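We're numbering straight along the sequence, starting at 1. Everything numeric here is computed off the predicted structure, so don't read it as measured data.
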Amino acid sequence: MKVSPSKIRADFSAAMSAMYREEVPAYGALVEIVERVNEDVLAAPGNALALTPGEDTARISAERHGAIRLGTAEELAMMGRVFAVMGMEPVGYYDLSVASVPVHSTAFRPVGRDALAENPFRVFTSLLRLELIEDEALRAKAAETLARRQIFTAEAIALTEKAEAEGGLDAEDATRFVAEVLETFRWHPEACVDSDTFEELIKAHRLIADVVSFKGPHINHLTPRTLDIDAAQAEMVTKGLPAKAVVEGPPRRTCPILLRQTAFKALNEAVRFPGADGWQEGHHTARFGEIEQRGVALTPKGRALYDRLLAEVRSEILPAADGSNADAYVAKLEEVFAAFPDTWRELHDQGLAYFKYAVGKGAAQGEDVATLLDAGALTLSPIIYEDFLPVSAAGIFQSNLGDEARSDRQEASSRAAFEAALGKAVADEFGLYEAMQAASLEACLEQINASAA
Ligand code: OOG
Ligand code: NI
């Protein structure tokens, strides 16, 4: 019997979480904070179910996303095949050149409603844009170094091929698959470049050094989902975790939209470089912890409004890395976002966000959604945003790379080039939400109007 891809994904997510907790103890502390805050929110009167009505809270305590950075097209293509065994497909294209980060990215995640409910684990996956290294000799050295490494175990590749050939894995193979794939994400303190090369790569960009210098694409953070990010952030500060100065994304609202994120800064970790006289001690900062709060997915119209308002805020004030203007930034964010409607019904009626419909107790029939909602024959619950935000992601990258990570010159990235490397197209996130909304409406209308016939 084949194990479902969702089961493999859930097992993998749990295994990764256990590994990261052991590797980065501060992540364990973060998970505990989030679990406590979530319990408090769920226990409070008018709890999170009122905040995001109808949402399934069962998945929340297990919910995680992680991130990796890959070096070559071959690595990305193989990673895509590995994730497919776990029911994770590439969704969305993120152009990080807007923030002068030399990668472009997608998110591998489950796409169907049931698969998401079973386990929503996602991995934000970036591909290095080696062409952005200006120094030709250094670029060639980086390319050679990457070409020499194999980030997958032979067994992981064999099991992926077997899953592809046989349409899945049985229980025993699935268990081995999880263990073997985990190896790709493991941290290796032994660098595969000497310390001089490492320094040169750091000078080109910290992110380039992180991708090129090590044996594999170590998981660089894991992110549990909190129901109250402001409470969790305050708790992080109380517990002495080096929290990022501001929460990325929209401000706190009655009806949460998209995604709000914060992180604790990357750890300074001991690494070793191969040298002529054996290992040489050194340091590297790459791994951190992050938390997120998710709200309703926005339509293209809603997203355009979000992007416009955020751009307006950022044209007036940019959050300083040291937190010195954090209060002023938050005040500006709240002031500007007052223009974004903040009731579910307005978000729905103005076509700004996606919703699941359910049949209510009210007596009304027909096809007119507003009439059915007014009468209570239909009810709304927000479809949760499952994706990422480029400006926020850039802020997360920068907070853990340090501010010197900004560089001015950067050519625009290309979705077509990314898809060519991956070997397939990335799915359109809006299309996925739209289809979920349409399917739920169709099912409800059928039910409501069947009783009329
Ligand atoms: C990925 C940063 C982006 C997010 O949550 O937006 C990200 C990275 O640092 O590799 O994970
Ligand atoms: Ni993240």
Visitor: Any pair with a residue in residues 98-119 that passes salt bridge (charged side-chain N to carboxylate O under 4.0 Å, His left out), sequence neighbours left out, goes on the list, sorted by first then second residue, please.
Guide: Arg109-Asp387

Visitor: Does either side chain, that of Glu248 or that of Ser392, offer a donor lying less than 3.5 Å from an acceptor on the other one?
Guide: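 No - no donor-acceptor pair under 3.5 Å links their side chains.
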
Visitor: Going by side-chain contact (heavy atoms from CB on, under 4.5 Å), name the residues that satisfy it together with Ala353, two or more places apart in sequence or in a different chain.
Guide: Val296, Leu298, Leu347, Phe355

Visitor: Identify whether NZ of Lys or CZ of Arg in Arg294 sits under 6.0 Å from the centre of the six-membered ring of Phe388 and within 45° of that ring's axis.
Guide: yes

Visitor: Please list all pairs meeting side chain to side chain donor-acceptor pair (under 3.5 Å) that have one or both residues in residues 7-16, counting only residues at least two apart or in different chains.
Guide: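 Sorted result for residues 7-16: Ser6-Arg9, Lys7-Asp11.
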
Visitor: Between Tyr306 and Phe337, is the ring centroid distance below 6.0 Å?
Guide: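 Aromatic pair counts; centres sit under 6.0 Å.
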
Visitor: Ring centroids only, cut at 6.0 angstrom: are His221 and Tyr27 within range, meaning strictly under it?
Guide: no

Visitor: Salt bridge between Glu292 and Arg122, side-chain N to carboxylate O under 4.0 Å?
Guide: yes

Visitor: State which residues pass side-chain hydrogen bond (donor to acceptor under 3.5 Å, both in side chains) with Glu89; sequence neighbours excluded, sorted by chain then number.
Guide: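 Partners of Glu89 by the side-chain hydrogen bond (donor to acceptor under 3.5 Å, both in side chains) criterion, ordered by chain and then number, come out as Lys424.
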
Visitor: Glu166: which residues meet the salt bridge (Lys or Arg N to Asp or Glu O under 4.0 Å) condition with it, sequence neighbours left out?
Guide: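 Counting only residues at least two positions away or on another chain, Glu166 forms no salt bridge (Lys or Arg N to Asp or Glu O under 4.0 Å).
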
Visitor: If only side-chain N and O atoms count, and only distance matters, is there a donor-acceptor pair under 3.5 Å linking Glu180 with Thr153?
Guide: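 Judged by distance alone, the side chains do pair up.
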
Visitor: With sequence neighbours left out, what residues match Arg139 under salt bridge (Lys or Arg N to Asp or Glu O under 4.0 Å)?
Guide: none

Visitor: May I ask you to say whether Asp230 pairs ionically with Arg260, meaning some side-chain N is under 4.0 Å from a carboxylate O?
Guide: yes

Visitor: Give every donor-acceptor pair under 3.5 Å between a side-chain atom in residues 309-318 and any protein atom, sequence neighbours left out.
Guide:
residue, atom, partner, partner atom, Å
Ser315, OG, Glu312, O, 2.8
Glu316, OE1, Lys332, NZ, 3.0

Visitor: Does atom CD of Glu136 have more than 12 heavy-atom neighbours, drawn from other residues, nucleotides or ligands, at distances under 6.0 Å?
Guide: no

Visitor: Any side-chain donor-acceptor pair under 3.5 Å between Arg206 and Thr285?
Guide: yes

Visitor: The criterion is salt bridge (Lys or Arg N to Asp or Glu O under 4.0 Å); which residues satisfy it with Asp342, sequence neighbours excluded?
Guide: Arg253

Visitor: Can you name the side-chain hydrogen bond (donor to acceptor under 3.5 Å, both in side chains) partners of Thr106, sequence neighbours left out?
Guide: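 Per chain and number, Thr106 pairs via side-chain hydrogen bond (donor to acceptor under 3.5 Å, both in side chains) with no residue.
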
Visitor: Can a donor-acceptor pair be found between the side chains of Tyr93 and His104 at a distance below 3.5 Å?
Guide: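 Side-chain D/A pair, Tyr93 to His104: present.
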
Visitor: Check for me whether the distance between the ring centres of Phe214 and Trp187 falls short of 6.0 Å.
Guide: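 Yes, the ring of Phe214 comes within the 6.0 Å limit of the ring of Trp187, centre to centre.
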
Visitor: Decide whether Glu386 and Tyr433 meet the rule of one side-chain donor and one side-chain acceptor closer than 3.5 Å.
Guide: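 On atom types as modelled, these side chains do not qualify, holding no pair under 3.5 Å.
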
Visitor: Does atom NZ of Lys203 have more than 12 heavy-atom neighbours from other groups under 6.0 Å away?
Guide: no

Visitor: Any side-chain donor paired with an acceptor under 3.5 Å for Glu23 and His218?
Guide: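 Checked: Glu23/His218 side chains show no N/O donor-acceptor pair below 3.5 Å.
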
Visitor: With sequence neighbours left out, write down each residue that passes salt bridge (Lys or Arg N to Asp or Glu O under 4.0 Å) with Glu434, or none if nothing qualifies.
Guide: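 Glu434 satisfies salt bridge (Lys or Arg N to Asp or Glu O under 4.0 Å) with no residue once adjacent residues are dropped.
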
Visitor: Can you list the residues that meet the side-chain contact (heavy atoms from CB on, under 4.5 Å) rule with Ser195, with sequence neighbours excluded?
Guide: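 Applying side-chain contact (heavy atoms from CB on, under 4.5 Å) to Ser195 gives Phe273, Gln280.
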
Visitor: Please output the side-chain donor-acceptor pairs of residues 30-41 that fall under 3.5 Å, not counting sequence neighbours, one pair per line with the distance.
Guide:
residue, atom, partner, partner atom, Å
Asn38, OD1, Thr226, OG1, 3.4
Asn38, OD1, Leu227, N, 2.8
Asn38, ND2, Arg225, O, 3.0

